[in-house]
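The structure appears right after this line, and notes come after that.
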Number of protein chains: 2
Amino acid sequence: MNKQFTQLLTFLALTLSLNAHAQQPNVLIIVSDDQGWGDVGFNGSTDIPTPNLDALAADGVVFSQGYASHPYCSPSRAGLLSGRYQQRFGHENNIPYDRVTEDDGLPLSELLLSEHLVSQGYHTAAIGKWHLGDHEKFWPINRGFEEWFGFYGGGMSYWGDTGNKSADHGVLRNGEIVPLGELSYLTDDFTTAAIEYIDDFAQEEEPFFMYLAYNAPHAPIQAPQKYLDQVSHIEDGERAAYAAMVVGMDDGIGRVIQKLKDTGEYANTLIFFYSDNGAHIHGASSAPFRGHKGMMFEGGIRVPFLFTWPEGIAGNQVYDHPISALDIFPTVIEAAGIKSPDKKLDGVNILPYMRGIAEKPHRVLYWRYSDGAGYAVRDGNYKMVYSGYKEEYFLFDMEEDPFEHTDLKTLFPEKLHSLQQLYSAWNENTVPAKWYDPHAENVLKEEAERQNYINKAKGGERKK
Amino acid sequence: MNKQFTQLLTFLALTLSLNAHAQQPNVLIIVSDDQGWGDVGFNGSTDIPTPNLDALAADGVVFSQGYASHPYCSPSRAGLLSGRYQQRFGHENNIPYDRVTEDDGLPLSELLLSEHLVSQGYHTAAIGKWHLGDHEKFWPINRGFEEWFGFYGGGMSYWGDTGNKSADHGVLRNGEIVPLGELSYLTDDFTTAAIEYIDDFAQEEEPFFMYLAYNAPHAPIQAPQKYLDQVSHIEDGERAAYAAMVVGMDDGIGRVIQKLKDTGEYANTLIFFYSDNGAHIHGASSAPFRGHKGMMFEGGIRVPFLFTWPEGIAGNQVYDHPISALDIFPTVIEAAGIKSPDKKLDGVNILPYMRGIAEKPHRVLYWRYSDGAGYAVRDGNYKMVYSGYKEEYFLFDMEEDPFEHTDLKTLFPEKLHSLQQLYSAWNENTVPAKWYDPHAENVLKEEAERQNYINKAKGGERKK
């Protein structure tokens, strides 16, 4: 019996069984922050131990070509929760850090996954980093989440300290300040909150949707001794500290999964784990891919990404075709058997692919930031990148050259042209960014640092 | 017909054929400087292109567990050329940088491979970095090399500039200063010299021994535009500049191999390529192994290492048991069919292992620096490390845990004890270092930097 046929039978059996129970699945989306593609065991990390994520991966599907929809934090999350390209509603840059206005946030006109699910009878909770608007009207509790434990900004001391800022920039529970004395290490605190919510939700008839957005391993690089001890074999101090943050998150995910098992919820829970964008440059690694956070090369957008649903999807799979974080919204709707929102979603339901009853999705993926200062298109094996800070186009064959070494644009000008045409057509259905791009400074600074090394290296070369 | 038997037949046929011609092989030892294990394509590098080394590897044997005999430059080279543990003659530290006396160099009482081969009728040439004594009596032309093009110190501007130092600290040809105007980029200049010597040697009846010791990719990190252009896909500037140096060396090696082929010498030349120690910390990478240059973890001593001899050894092999740079001397003697020196050599002839007519060598490998401030022993799968700067012993099972994450010393105290006993016995046949260790400062500084990251990471942790 071939594999696809076996999977089809499994699928039919499960569908019948699910219909018999009429039990909608729970949904758990776990987001990691600035973690590199290679920095999980299931993608081959040899230095950072992630046993809990690896065990989860073994129960489900690893996406070897799983993409975030944006190379920075805030827009990536906006795409995830709306299920739509951020550029359709002006949220294509990070929220301004210090000039934030009360209009800067994920537009209220967008229907979020949380809003849709709560309207369909799901219980909902958001935990961790929000970064989709500092003003109260944008907070999770006003965006479809019944429960919220976390902070609204883009970064936060892991010890909960707000420094010179007022306490309301700190950790909040349903909008109320959590006293510092109740916090230990944010990664642990978020894990604890998730476990408490699962305990509550498990007593309800209705399914739940939990959005567990760790800010680990985003800056600041902070970790307690207990996690640092687990990576004492890493001799590069910066990477060791970063790795300890990944270990803390992995440890927390292990405890969350255990709670799901203990409460009997695990088997019928869809779990997605992915990083909001590629590796930042302080100890993280997008190896073996080119580039890092903020770039349209794979290192900026290809991320650790897995999916499990024990009752619905066979485990121990690797899916090798591109999928996007935008696919989560439509996949959840399909799995939950609920109606689609009125707005056009940009992802696809990936369940048929995971079940081997459909070939790879034939479609094109797009990325853009800063009103087109950088953008990329992937169509099949071909990928076009426009890098504003390098002022250059690139064309890659991702099957032949997955690490993006060889620019083919002069060899295949027609292909470049056809990808440019695709991009232009897509671009027509977008709007300008609603606020300036505070992250662009980082990208320019990183490129300047790069050029500085190059210039220094060739500085003494004698001209012939 | 099984593989070993086929290899045996090949070996016998080759031996008969060689005897018929009575033609001794040439020997080419190419040394790379501070290059990381993973920074060659034949060990899996995905970012640094090394097509020429990879092609060479395909013609011969890659040693997946190839070891340098020391984690820094100068002693490693002393071990290579003498075929003996450096600690037997006091050369276990780098040559002092600024307090060098005229006694500081590879002792004249040691018989070098060059001295032995020249006495047996070989033509000899040394090219590149020496680092085995600044004083004239230690120079290659006084240590068995008929020809010498290179510099005697440990580091050198790739543009040939000597800065504030006199010109005789620069590049010399047989001891005479080479004018700056005749130099371009040292890596290229060394390649050019190697090609010229091969042209000369090819006209001789006698075989030749060439020691081609590139100082690339050691600091300073300098490279011309033409090599930087080949790694423009590397977005980390420091790594890009380092990678360009590796590319320059690979390009040079390709041209040297081509010259050997053009002159008909390639098929009967033993070629060794290896790095003198593990990755330095400025852009190089010993990934996936632990640590870097100066350490007794694998990242300090396990290096890119290959061997080819088209007429004598089947190609396309990977040899997975430990071998050491100390094995080169006895292997060369065996291949050349000449007498052994009177002194005890510490390596073994590896030809029978490459030919599949002997099992893996059963023996123990030792490392030591700074009179025991750091040392290591490997016996089979077990490896003991004593780290002076961490003030700690480690015991690893290299088969179960090749990346040295899990210290087993408390689990297997008897094993630790037996390795300590081996070390003590070996140590009795060594002498104290003849000069202080200038590199120890680097190791301590690197450890302090590491600890600084760790302390900063845990700085805000609240005590319960």
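All chains are named by letter (A, B, ...) in the order of the sequence lines, taking the proteins before the strands, and each is independently numbered beginning at 1. These numbers come from the heavy atoms of this one structure, side chains and all, not from hydrogens, waters or symmetry mates.
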Where on [X] is there a heavy atom nearer than 4.5 Å to chain B: the side chain, the backbone, both, or neither?
X	answer
A:D161	side chain
A:M295	side chain
A:Q451	neither
A:L228	side chain

Inset, instruction - Verify the ring-centre separation between A:F297 and B:H233: is it less than 6.0 angstrom? - result: no

Legend entry - Close aromatic pair by centroid cut-off 6.0 Å: B:F289 and B:F403: yes

Inset, instruction - State whether A:E235 and B:K390 are salt-bridged, where the test is any N-O pair (Lys NZ or Arg NE/NH1/NH2 against Asp/Glu carboxylate O) under 4.0 Å. - result: yes

Inset, instruction - Please determine if A:K458 and B:D229 form a salt bridge, counting it only when a charged side-chain N lies under 4.0 Å from a carboxylate O. - result: no

Legend entry - Main-chain N/O of B:S64 paired with B:R302 side-chain donor or acceptor, under 3.5 Å: yes

Legend entry - Short side-chain to backbone donor-acceptor contact, A:W159 and A:L180, under 3.5 Å: no

Chain A: which of [options] shares the most heavy-atom pairs with it under 4.5 Å?
options	answer
B:D47, B:D236, B:V231	B:D47
B:G44, B:P224, B:A241	B:P224
B:E449, B:Q222, B:E404, B:R290	B:R290
B:S232, B:S157, B:G459, B:S45	B:S232

Inset, instruction - With a 4.5 Å cut-off on heavy-atom pairs, point out which of A:R239, A:M245, A:Q225 contacts chain B the most. - result: A:Q225

Legend entry - Option that, when pairs with chain B are counted at under 4.5 Å, heavy atom only, ranks first among A:A287, A:A457, A:P49, A:A240: A:A457

Sort [X] into side chain, backbone, both or neither according to what part of it lies under 4.5 angstrom from a heavy atom of chain A.
X	value
B:I281	neither
B:Q230	neither
B:Y185	neither

Inset, instruction - For atom OH of A:Y453, decide whether the heavy atoms of other residues, nucleotides or ligands shown that lie under 6.0 angstrom number more than 12. - result: no

Inset, instruction - Just say parallel, tilted or perpendicular for the rings of B:Y72 and B:H439, cut-offs at 30° and 60°. - result: tilted

Legend entry - Cation-aromatic face contact A:K409/A:F394, 6.0 Å, 45 degrees: yes

